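Have a look at the structure below before the remarks.
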Amino acid sequence: MNTPNARPDLNAFELGSLRNQFLIAMPGMSDPAFAHSVTYICEHNADGAMGLVINHPSALTLSDIFQQLSLNEDDPSAQSQVLAGGPVSPERGFILHPNTGKQWQSTIEIGPETCLTASSDILKSLADGEGPEHYLVTLGYAGWDNDQLEQEIADNAWLTVPADPQILFHTPTEQRWAAAARHLGIDLNLISNSVGHA
């Protein structure tokens, strides 16, 4: 079922990138890596796009990573769940966190309120209780070649909406997919799994 509200705004690509936006999987998404997913787009340019899935838990907790790096496991944050950020380079870690003004070795600002850090020094800060108060830890990322993401959106595989830090850092993992869609005024449960061209 196609509803007017659910159609992607293809003009968005002419106006700028999808950086700092959510990519919401349509109900018919069959790829298990992205089914019912919300992906936070960290980079989108002429070469392609890179993002982190923010609502697919992995089997790991932060304690497992602290243990591998011989860091303090006693901090309460050690029980935080690690997310499966995407199928590319699942051994690489990424941490999304609010823009607190503090910089680690590889911190980049994605949007006015959100930063991405991929260096291990932030993990030590977290283990020592000196890291950001709110954060998401992911392993792996999602990547698209040039024009691939644009084509998938044109094919009705995804919806896009500006990212909301409230969803990133304060909404339970299992509620993020529906919460992101509500920003578009859409109940994804009412959209048919088979995207139609009636």
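Residues: numbered from 1 along the sequence shown. It should be emphasised that the depicted structure is a prediction, and the values quoted were computed from it without experimental measurement. Side chains included, hydrogens not; waters and symmetry mates left out as well; all remaining heavy atoms used.
- For the pair Leu184/Leu159, a side-chain contact is recorded, criterion being any heavy-atom separation below 4.5 Å from C-beta on.
- Both Leu188 and Val38 are part of a single hydrophobic cluster, where members link through side-chain heavy atoms under 4.5 Å apart.
- Clustering ILVMFWY residues whenever any of their side-chain heavy atoms sit less than 4.5 angstrom apart, transitively, puts Val88 in a cluster other than the one holding Val137.
- Remark: the Asp64 side chain and the Gln68 side chain contain no N/O donor-acceptor pair separated by less than 3.5 Å.
- Counting only distance, with no hydrogens or angles, the side chain of Asn99 and the backbone of Thr114 share no donor-acceptor pair below 3.5 Å.
- Donor-acceptor pairing under 3.5 Å is recorded for the side chains of Glu150 and His44.
- Note that CD of Gln79 is 5.5 Å distant from OG1 of Thr61, once rounded to the nearest 0.5 Å.
- The heavy-atom pair separating Pro87 from Ala142 by the smallest distance is CD-CA, 4.4 Å.
- A donor-acceptor pair is defined here as one N or O able to donate and one able to accept, closer than 3.5 Å; such a pair exists between the side chain of Ser58 and the backbone of Val82.
- For the atom pair NE2 (His36) and CE (Met26), the distance works out to 11.0 Å, reported to the nearest 0.5 Å.
- Met29 has its side chain within reach of Trp158: a pair of non-hydrogen atoms, C-beta onward, lies under 4.5 Å apart.
- In the hydrophobic clustering of this structure, Leu96 does not group with Ile122; members are Ile, Leu, Val, Met, Phe, Trp, Tyr whose side-chain heavy atoms approach within less than 4.5 Å, directly or through other members.
- A heavy-atom distance below 4.5 Å is not found between the side chains of Tyr40 and Leu136.
- Between Leu23 and Phe34 there is no side-chain heavy-atom pair separated by less than 4.5 Å.
- Here the side chain of Thr171 pairs no donor or acceptor atom with the backbone of Arg176 at under 3.5 angstrom.
- Taking 4.5 Å as the limit, some side-chain heavy atom of Lys102 sits within range of a side-chain heavy atom of Ser125.
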Checklist line | Steps toward side chain to side chain donor-acceptor pair (under 3.5 Å) verdict (Gln166, His183) | finding: CA-CA 12 Å; Gln166 181 69 28; His183 276 274; over 6 Å; no

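- Distance alone, capped at 3.5 Å, places no donor-acceptor pair between the Arg19 side chain and the Gly111 backbone.
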Next item on the list: Please assess His56 against Ser37 for the test side chain to side chain donor-acceptor pair (under 3.5 Å), listing each intermediate value before the final yes or no.
Entry: CA-CA 7 Å; His56 283 186; Ser37 69; 5.0 Å; no

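- For Asp128 (side chain) and Glu130 (main-chain N/O), no donor-acceptor pair under 3.5 Å exists by modelled atom type.
- Separating the OG1 atom in Thr173 from the CD1 atom in Ile54 is a distance of 8.5 Å, to the nearest 0.5 Å.
- Taking the six-membered ring where the residue is Trp, Tyr141 and Phe94 present perpendicular rings, their angle passing 60° and hence far from 30°.
- Counting heavy atoms from C-beta on, the side chains of Val161 and Ile24 come closer than 4.5 Å.
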Note to self: Test side chain to side chain donor-acceptor pair (under 3.5 Å) on Tyr135 and Thr117; report intermediate values, then the result.
What the structure shows: CA-CA 10 Å; Tyr135 56 87; Thr117 299; over 6 Å; no

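- Between Leu62 and Leu126, the closest side-chain pair of non-hydrogen atoms falls below 4.5 Å.
- With values rounded to the nearest 0.5 angstrom, Asn146 atom CG is found 9.5 Å from Asn45 atom CG.
- A donor-acceptor contact shorter than 3.5 Å is absent between the side chain of Arg92 and the backbone of Leu139.
- Between Leu149 and Ala49 the shortest heavy-atom distance is CD2-CB, 3.8 Å.
- Ile153 and Ile41 fall within the same hydrophobic cluster, where Ile, Leu, Val, Met, Phe, Trp and Tyr residues are linked whenever their side-chain heavy atoms come under 4.5 Å apart, directly or through other members.
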Margin query: Show, in sequence, the C-alpha distance, side-chain angles and deciding distance for Phe22 and Asp164, and conclude whether the side-chain contact (heavy atoms from CB on, under 4.5 Å) test is met.
Written below: CA-CA 8 Å; Phe22 287 147; Asp164 182 350; 4.2 Å; yes

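- One distance of note links CH2 of Trp144 with CD of Gln151; it measures 14.5 Å at 0.5 Å rounding.
- Counting only distance, with no hydrogens or angles, the side chain of Gln21 and the backbone of Leu18 share no donor-acceptor pair below 3.5 Å.
- To the nearest 0.5 Å, the span separating CG on Leu116 from SG on Cys42 amounts to 5.0 Å.
- Between the side chain of Asp121 and the backbone N or O of Gln105, at least one donor-acceptor pair lies under 3.5 Å.
- A distance-only check finds a donor-acceptor pair linking the side chain of Asn72 to the backbone of Ala127 [under 3.5 Å].
- The distance between the ring centers of His97 and His134 does not fall below 6.0 angstrom.
- When side chains are defined from C-beta on, Ile110 does not count as touching Cys115, because their heavy atoms never get closer than 4.5 Å.
- In terms of hydrophobic clustering, with Ile, Leu, Val, Met, Phe, Trp and Tyr side chains grouped at heavy-atom distances under 4.5 Å, Leu168 and Ile95 are assigned to different clusters.
- Annotation for Glu133: atom CD does not count as buried by contact number, only 12 or fewer foreign heavy atoms lying within 6.0 Å.
- Side-chain N or O atoms of Thr107 include one that pairs as donor or acceptor with a backbone N or O of Trp104 at under 3.5 Å.
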